[in-house]
Structure formats: structure tokens, C-alpha cells
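Presented below is the structure to which this report refers.
Computed from heavy atoms alone, side chains included, the values below leave out hydrogens, waters and symmetry copies. In the text below, chain A, chain B and the rest are named by the order of the sequence lines, each starting its count at 1.
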There are 2 protein chains.
Amino acid sequence: MKHRSSLAIPRLGGTSMSIREVAKRANVSTATVSRAIHHDSRVNAETAERVWHAIRELNYYPNVHARSLASGRSHIAGLIVSDITNPFFPELVQGFAEAALESGYDTLVASTNYDAARTSLAIRRMLERKADGVAIMTSEMDESLIAELKNRNVPMVFLDVAEPGRLISNLRVDYADGVGTAVRHLISLGHRRIGFLSGPDNLKSARVRREAFLECLSNAGLAIEDPRMVTDGGHRIDGGFDAMQRLLALDERPTAVLASNDLTAIGALRAIRTAGLRVPEDISVVGFDDIQLAAFTDPPLTTVRLPRTEIAERAFECLARNMDLGQEDGTEPVIGTKLVVRASTAPYHR
Amino acid sequence: MKHRSSLAIPRLGGTSMSIREVAKRANVSTATVSRAIHHDSRVNAETAERVWHAIRELNYYPNVHARSLASGRSHIAGLIVSDITNPFFPELVQGFAEAALESGYDTLVASTNYDAARTSLAIRRMLERKADGVAIMTSEMDESLIAELKNRNVPMVFLDVAEPGRLISNLRVDYADGVGTAVRHLISLGHRRIGFLSGPDNLKSARVRREAFLECLSNAGLAIEDPRMVTDGGHRIDGGFDAMQRLLALDERPTAVLASNDLTAIGALRAIRTAGLRVPEDISVVGFDDIQLAAFTDPPLTTVRLPRTEIAERAFECLARNMDLGQEDGTEPVIGTKLVVRASTAPYHR
DNA sequence: CTGTTAGCGCCTTCAC
DNA sequence: GTGAAGGCGCTAACAG
């Protein structure tokens, strides 16, 4: 019989005790301990109590790796985001991780940095760690890697970029509705010349918002003539700043602008003030997302709230449906938005 | 001989191929495959190449759980933060995760939400997942759980709250220096009545900043007479807003204020503007941290930069030192700060 | 209701 | 330089 040398020097990671010692202590087999831990109804209540007693006494807890290996389930939920540094994501991560935790899952977060190579890496890590399900909350996705996940029957949930299918869910955000509400809000305030600070064109959600904006204006009989009224703000503060400056330089500058996200709107706020104009007296500004900061800009930003915590929770629910409930089909919950009126919008007055 | 039923229905998580199939394909034993994977110098170069070829052909990658189980190392680095939703942390998480990834570690992030119970839970999870090292970047720490990590020889690194020791490192931020630079900056601009928006008193780093402020003023012969010039902003935007209002209500209001963090400063900015005053013309404001947002407030915030990415990288380095280099002692790197002068400070003029 | 036992996939000593 | 084989800690048949 071979023994792993029982080192005198404590090796890193230390030595934890195993199910066997609990078994010995409780005078049962390891199988029974395992059952007791999993609250298997077949074990005698008294026996179970004895086992739990031993567990507590020994301060034992299971080795998840052994468990994963034997059971084939890792109890890890993957979450892939674009950039945790973008204020949109932390709440998403938090909400997801929390929901996961409640169901006994740890969350493995990966950031793609909007980069294809890192996206592959992220998915690779999910595969390696054998994530039981993966939420992909980014738009840059690598089809072949996704296929790999699909092949291995890993449930997935996307944010607005996929069709639901077997083990694949999709959260559908009703951007059009959000944009519509915002535009109608501006129109009802008397604005007629409304500009749009769009997001990156390769972002589907950004395209959807822009299209919705255009359509909405057109429906209201306010179709845009000057194409320069729609300009790219890149979904970032500096981009929004530059884009707004472009709008301000127009002969007929807008009396109100809608931004594709809050960061852009914040940049716009600054550009307007830098130009010596006031918000909302001279120009009204509406954002999109309602990041925490939006309530604290100057003036506080009127914006369309995208409920990130709800998105996170729904996303996990979709996965849990497949992971824990044994369903094989995907779903497509719709995520609503809500206009939050603060102080960056006001009635038009010439 | 018993077989695990080879299901017709693909079970979740799918079936991945194992080292054995690679071995077969490369006409070697599993041991050799294992060695090749780990670049063990004892394997013949040609053999190794054959193995790698097979690996690529089969698109094989190792099962980390089996690996962890057998090797006793999880290649997981734990990171415990207070609140990922606080703008201070995302960059920290990102920097840490990136550094970890480069060394082949995945990061397990846990959020304590400033709550003791959740802190225990976080540490418990680290233990369960057998993290090879844990960075604890929060101040609420549970001594007994920490002891548990210590017992199991899990390397740890703290941010400014612990003494270094065996397998324990500590990052020491030179807050005093940062505060000093900021105060001297204000003094050199001619300010004499300087207020301080402090942080929560139970936060060691907040206390250090306040003490440093007091001492610095006193050294400059500007010791504060009115205790109301130092008031708690709670390290949050709304707290900063309220705190600043209190300062503004003073008979002799300050001509400049230093905030214990940027969030507080942002709240102060708003309070000042709301009161009809201007920054920096009427009051200068200095923040602390230099969160991304600081560059985009109005006016852009002069602040003391706390290099979060550097902190993150150093933290991982400390762990790696124990995890990978086999060192047993801890270290205590000093993290410097740097004054970033933007537009929220200006010379005093009556 | 409980015990026995064969793996899960990999690493690692030992023998060749 | 390579192979054989035990064991990491746990789960899940299967047998009682």
C-alpha cells in the first residue's frame, strides 16, 4: 500500500478532513454521511442528526472538487460581461451573484473587454471550470465557442442577441418602448428638434435604440431631415462630449437630445455647459440606463431605467430552470423599461 | 464490473473526453500525457509533440476538478471586497482578475456588503472552493474565519488592516502622504479655512485620513478651532451632499474642503452649486481616490489618486509569492498616492 | 434504511 | 524516458 508522504512541513492548502472521518465519528458509512448532507429523505432522522452532529464537531465541510468530479456538476454559474469597469455591469454582477448564491451556486465572472480573443478565453474558462450554466451579457460573441458550450449541453442565457432554443434563453429588453417613452416625453414638453447621440454601430442594442428613435420621431411626424442630428457618442463620456459639440455646432441645433446611454448623456451635459448653455433651460437631455450616477449629475439626469438587478435575476432564473428544474427548453422573458424624470428636461421655450 | 449507465439522453454538462483518450491517440500512457501537459522536462521532445498534437486534434482540455482533487491545488484566487457596486472596486476586481489570469488562476469574487454574516459566508466559500490564496480588501473581517484560513495555510493579503506574518501580507497605503499633499496644495493656493468631509468612523482608512488631515493642518499652524469643520460624509454621494450643506451653514464657512473620498466630494460639489455658489471660484474641493468619474464631474475634480490597479496587482503578487514561489513569509508593499490637479481647486480670493 | 464498492479524471510515486 | 497503478474525496448504483 502506498502512502502520500505525510509531510512534516504543512503544505499550502493544508489538510482538511474528509467524509470518512465524519463517517467514523458518527458510526455510519460514508454513503450515509453523503446522504445526510444532501438531506436524502431515506436516512433515518436520528442517524442524520448523529451525522450532522459529527459534522459540526469536526467543523467539516465537503471538498467541492471531489464532489464536482463525482457528480459531474460544478455548482458554478458563469457570467460573461463586456467590461466590469463600465458602470452598467457591477450591479448586474452583484444581482446575478446574489441570485446564484441563494441557489447554491458560485459565480465565475469573466470580462471580455470588448475583445474577441478575450471572449474565447472567457468561454474556455467556463468550459474548463465546467460551469453548469453561463450567462452571456455581452454582444461580442464567438459563434464557435458558443457551439462548444451548446455541444456540452451547458445552458446559456443571452441579453438580447439570441433566439431562444434548447437550453438557450434570451432576455429581450424592450428598448423600443423605452426610447418611445423618452421621445414622447420630450415631444409633450414641446420639443420638435430632437437630436440623438447614438452608440457604437456594432452593438445591436445601440442600433435598436437608434432605429426606435428614428421611427418614433417619424411616427410623430417629426422625421429628421438633417442626418447630422443623429451622431455617434460611442457610449462613453468623452464620446458624448464630442458628439454633443457637433450638435451644438449645427446651424439649427436641437432643443433636446436623447442619448443612447447615460455615459453619453453625461458627456453631453458637460459639452452643453462648456458651451455656456444651460440644461434644461436651453437644451433638454435624456439618458438611457439609469446608472447610479444619473441621479447625481448636475442637473440630475432624466433617463430611461434599464432594471439591471432584474435583468440579473431573470438571467439566473433562466439558467436555474435548466440546471435545477430539469427543463430543456429556453425562455424569453421581456424586460421592461421605465422613464425616470429628473431635472435635465424642461418645456421648450424659445 | 459496474458501469455508469451511458445515457441515451445527453445529460447536462455533457461528456468531455479525458486524458485517457489523448493517451490512446498519442500511443502513450496517461502519465506521459500528464507530464507533457505540465511541460515536464523528462518527456522526450518528440513524444511531447505527439501528445500535444493529439490534444489539439481532440480539442481536449483537462478537467480542473479532477486536477484539483489530485493535486490539492485549485488554481483559484479569492478576492473579497466590500461592495462591487462601489465605484472603487470594479477596477480592483478587474486588475486582480487580470493579474491572476496571467498566472493561471481564476478569481472567485465575494462581496461582503459591509456585513459580518456575509463576510463569514464569503470566507466559507473560499474555504469550500479551496482557494489557493485570498485577498481580503475589506475592513469588516471575521477574526475566527481568518484564523480558519490561517490554519489551513491559505496565503492571505490585506489592504491596510493587518500585520504581515507567515503567509500573510499587507498592502500599506500611505494615506497620510496623500492627505498631506492635498492639504499643502490648498494651503499653497492661499486657503486658510479648510473643511474636511470625513468617512465612516469604523473604517480604519477613513480614520487615518482624518487624523492625517488634522495633523497636517496643525503642523501648518492652521489647527481647526471649530470642530464642526470636520463632519461625516459617510463616503457616499448623498452623505457628502448633506455634510457640505452643514459646512455651508456655518457662520464662517470654509473656502476649501477636502473629502475623504471622491463620492463624498461629488456630493459636496452638488451641495455647493445648489447653494448658488461656484466651484472653484467660491469654494475649492478636493476628493480622494480618483475614481474614473472624477475626471468628468463638473468641474473636473482635483483629487488624490489611489492607484487601484496597482493595488490589485500588488495584492496578487503577494499571494503568488506564497502560492507559486514557495515563500512562507509575508510582505508589506507600500502604495503611494498622487495628487491629480484638475479644475475644482483655485487660488483663494476674498 | 444502510453499507459496499466502483468509478469521476488526474497526478504521482515507484518500477522498469 | 515511459508505464502501471494507487489514491485524492465524494457520489451513486447495487445489494442487502
Whole-Å distance between [N] [atom2] and [X] [atom1]?
{"X": "B/His65", "N": "D/dG9", "atom1": "NE2", "atom2": "C1'", "result": "13 Å"}
{"X": "B/Arg42", "N": "C/dC11", "atom1": "CZ", "atom2": "C1'", "result": "11 Å"}
{"X": "A/Glu128", "N": "C/dG9", "atom1": "CD", "atom2": "P", "result": "16 Å"}
{"X": "B/Asn63", "N": "D/dC8", "atom1": "CG", "atom2": "C1'", "result": "13 Å"}
{"X": "B/Met17", "N": "C/dC8", "atom1": "CE", "atom2": "P", "result": "14 Å"}
{"X": "A/Arg67", "N": "C/dG9", "atom1": "CZ", "atom2": "P", "result": "18 Å"}
{"X": "B/Leu69", "N": "C/dG7", "atom1": "CG", "atom2": "P", "result": "17 Å"}
{"X": "B/Ile19", "N": "D/dC8", "atom1": "CD1", "atom2": "P", "result": "19 Å"}

- Task: Using a 4.5 Å cut-off on heavy atoms from C-beta on, say whether the side chain of A/Ser111 contacts that of B/Gln94.
- Result: yes
- Taking all atoms of both residues into account, what is the closest heavy-atom pair of B/Ser29 and B/Ala23, and its distance? C-CB, 3.8 Å
- Message: Minimum heavy-atom separation for B/Leu171 and B/Ile311, please, with both atom names.
- Response: CD1-O, 3.5 Å
- Which residue, B/Ala66 or B/Val28, contacts DNA chain D at a nucleotide closer to its 5' end, judged by nearest heavy atom? B/Val28
Compare the minimum distances between each of [options] and the side chain of [X], then state the nucleotide with the smallest one.
{"X": "A/Thr30", "options": "D/dC8, C/dC8, D/dT11", "answer": "D/dT11"}
{"X": "A/Ser29", "options": "C/dG3, D/dG9, D/dG7", "answer": "C/dG3"}
{"X": "A/Tyr60", "options": "C/dC11, C/dT5, D/dC10", "answer": "D/dC10"}
{"X": "B/Arg20", "options": "C/dG9, D/dG9, C/dC11", "answer": "C/dG9"}
{"X": "A/Asn44", "options": "D/dT2, C/dC1, D/dG9", "answer": "C/dC1"}
{"X": "A/Ser71", "options": "C/dC10, D/dT11, C/dG9", "answer": "D/dT11"}

- List in numerical order all residues of residues 46-57 of chain B for which some heavy atom is under 4.0 Å away from an atom belonging to DNA chain D. B/Thr47
- Sorted by number, residues from residues 31-41 of chain A placing a heavy atom under 4.0 Å from DNA chain C are A/Ala31, A/Thr32, A/Arg35
Do [X] and [Y] have side-chain N/O donor and acceptor atoms under 3.5 Å apart?
{"X": "A/Asn170", "Y": "A/Glu332", "value": "yes"}
{"X": "B/Asn59", "Y": "A/Glu148", "value": "yes"}
{"X": "A/Tyr105", "Y": "A/Arg73", "value": "yes"}

- Message: Determine whether a donor-acceptor pair (N or O, by modelled atom type, separation under 3.5 Å) exists between the side chain of B/Thr331 and the backbone of B/Pro333.
- Response: no
- Note on the structure: Rounded to the nearest 0.5 angstrom, the CG-CG distance for A/Asp83 and A/Asp115 is 11.5 Å
- Note on the structure: CE of B/Met126 to CG of B/Asp132, rounded to nearest 0.5 Å, is 12.0 Å
- Query: Hey, what's the ring geometry for A/Trp52 with A/His39, parallel, tilted or perpendicular (30° and 60° as the breaks)?
  - Reply: parallel
